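Accompanying notes for the structure given below.
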Amino acid sequence: MPRTRKKKIPVTNTDKASSSSTPTSSRTVIRRFHVLLKKQRQLKNAPSANAGSLGEIEREIDKLGGLAAYQRMSSIGQGTDRGGGSEKVLIQWLIDMGLRKRETQGKLRLLEVGALKPDNYRICVSWIDTTPMDLRSRHPSILEQDFLLMDEDENRGKWNIISLSLVVNFVPEPRDRGRMLCLAHSMLAPDGLLFLALPLPCVENSRYLTFDHLQSLMNVLGFTEVQRKWKKGGKMAYWLYRKSESDHKPLDEYRKKNVCRQVRNIGPLSTHSLVKHA
């Protein structure tokens with residue numbers, strides 16, 4: 001008697017962040033979300049918005065599972081069977097800087113923006129006091145909060161470290177991406193550290209952002225690069241910045257999209273940009 005084949009269930013319809021999803025399917029969902037959100041933003045900002053097209057996009061976003069599905073796919077990517085999350089990079093950099101030996105000076109205050117798990121820094125509990133937060137909390141220990149809506153005065157100079165791992169690239173409006181970096185600078189204590197993690201194509205394969213352009217922008221905003229990590233053909237790029245004084249260069253060139261490179265024959269280009277809040 002022939003065996004009955006079970007009907008496959010799409011990964012976007014599952015409720016558990018199980019590692020049974022393949023890396024390819026996770027990346028496909030995440031990339032599709034980015035495309036849909038960009039189209040949604042363009043239609044909403046258009047002088048004569050097409051209600052029909054906007055409705056189709058919003059229905060597809062809902063069909064994919066909304067923000068919950070994006071978080072689930074991202075959480076799967078942070079599993080131990082996928083090499084773990086970006087916190088490993090930050091922890092090692094902090095250890096290399098000798099910050100693990102500062103127990104007598106009190107714990108470092110870390111704000112982890114976009115946290116999908118509540119215990120990413122559990123091995124550092126003796127020297128790091130972590131506050132994980134996200135737009136949509138997946139755990140009671142994760143603060144549900146929009147970073148852009150945090151009270152700047154209450155948090156000014158409060159944090160020793162702020163982690164923006166796979167956060168800035170998911171903010172739909174370029175202006176808000178710039179505002180997020182400005183808020184991080186304001187909320188960091190003197191000589192505080194900003195950890196930034198982006199998909200490598202956002203920088204290596206973008207018309208509007210290059211490594212040099214990013215470094216120049218961060219200098220203008222008042223950040224000095226301490227560490228950088230990425231490899232050719234890789235998927236991620238990581239930076240560690242120290243809060244410093246702005247280099248006081250004009251900000252006009254960062255307030256609008258300027259083409260930084262013309263690249264041919266390398267496949268689709270990323271349209272990612274980081275734009276300073278006007």
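This is a predicted model, so every value here is computed, not measured.
In terms of hydrophobic clustering, with Ile, Leu, Val, Met, Phe, Trp and Tyr side chains grouped at heavy-atom distances under 4.5 Å, Phe170 and Val35 are assigned to different clusters. Under a hydrophobic clustering in which Ile, Leu, Val, Met, Phe, Trp and Tyr are joined whenever their side-chain heavy atoms come within less than 4.5 Å, directly or via other members, Leu143 and Leu148 fall into the same cluster. A chain of hydrophobic side-chain contacts below 4.5 Å, direct or via other Ile, Leu, Val, Met, Phe, Trp or Tyr residues, connects Leu209 to Phe211. Both Val89 and Ile95 belong to a common hydrophobic cluster when Ile, Leu, Val, Met, Phe, Trp and Tyr are linked at side-chain heavy-atom distances under 4.5 angstrom. Ile128 is not connected to Ile142 by any chain of hydrophobic side-chain contacts under 4.5 Å among Ile, Leu, Val, Met, Phe, Trp and Tyr, and they are in different clusters.
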Please determine whether side-chain contact (heavy atoms from CB on, under 4.5 Å) holds for the pair Leu110 and Ser163, giving the CA-CA distance in whole Å, both sets of side-chain angles, and the decisive distance to 0.1 Å. CA-CA 7 Å; Leu110 165 63; Ser163 171; 4.2 Å; yes
Between Asn169 and Val171, does the side-chain contact (heavy atoms from CB on, under 4.5 Å) criterion hold? Intermediate values first, please. CA-CA 6 Å; Asn169 57 294; Val171 176; over 6 Å; no
Derivation of the side-chain contact (heavy atoms from CB on, under 4.5 Å) call for Met150 and Met133: CA-CA 11 Å; Met150 292 184 72; Met133 60 173 282; 3.7 Å; yes
Audit row: Tyr241, Val226, side-chain contact (heavy atoms from CB on, under 4.5 Å) steps and yes/no: CA-CA 5 Å; Tyr241 296 98; Val226 178; 5.8 Å; no
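With 3.5 Å as the limit, one finds no donor-acceptor pair spanning the side chains of Thr224 and Arg242. In summary, the side chains of Thr130 and Glu112 do not present any donor paired with an acceptor at a separation below 3.5 Å, with no hydrogens or angles considered.
Residues Phe223 and Trp239 place their aromatic rings such that the two centres sit no closer than 6.0 Å.
Taking Asp129 as the reference, nothing meets the salt bridge (Lys or Arg N to Asp or Glu O under 4.0 Å) condition, with sequence neighbours excluded.
Taking CE from Met187 and CD from Glu154, the interatomic distance works out to 10.0 Å, rounded to the nearest 0.5 Å. Between Gln92 atom CD and Gln227 atom CD the span is 10.0 Å, to the nearest 0.5 Å.
The shortest side-chain heavy-atom distance between Thr131 and Trp159 falls under the 4.5 Å cut-off. A 4.5 Å side-chain heavy-atom check between Leu194 and Leu181 finds at least one atom pair inside the cut-off. Between Ile61 and Gln40, some side-chain heavy-atom pair lies under the 4.5 Å cut-off. Residues Asp134 and Leu116 meet the side-chain proximity criterion, which asks for heavy atoms closer than 4.5 Å. Taking 4.5 Å as the limit, some side-chain heavy atom of Val168 sits within range of a side-chain heavy atom of Leu196.
When every heavy atom of His185 is checked against every heavy atom of Ser244, the shortest pair comes out as NE2-O, 3.0 Å. The nearest pair of heavy atoms linking Ile162 to Ala184 is CD1-O, 3.6 Å.
A salt bridge between Glu204 and Lys232 is present, with a side-chain N of the basic residue lying under 4.0 Å from a carboxylate O of the acidic one. Ion pairing of Glu152 with Arg156 is present here, as a side-chain N (NZ or NE/NH1/NH2) and a carboxylate O approach within less than 4.0 Å.
Looking only at distances, a side-chain donor or acceptor of Lys107 sits under 3.5 Å from a matching main-chain atom of Val125.
By the 30° and 60° cut-offs, the orientation of the rings of Tyr238 relative to Phe195 is parallel.
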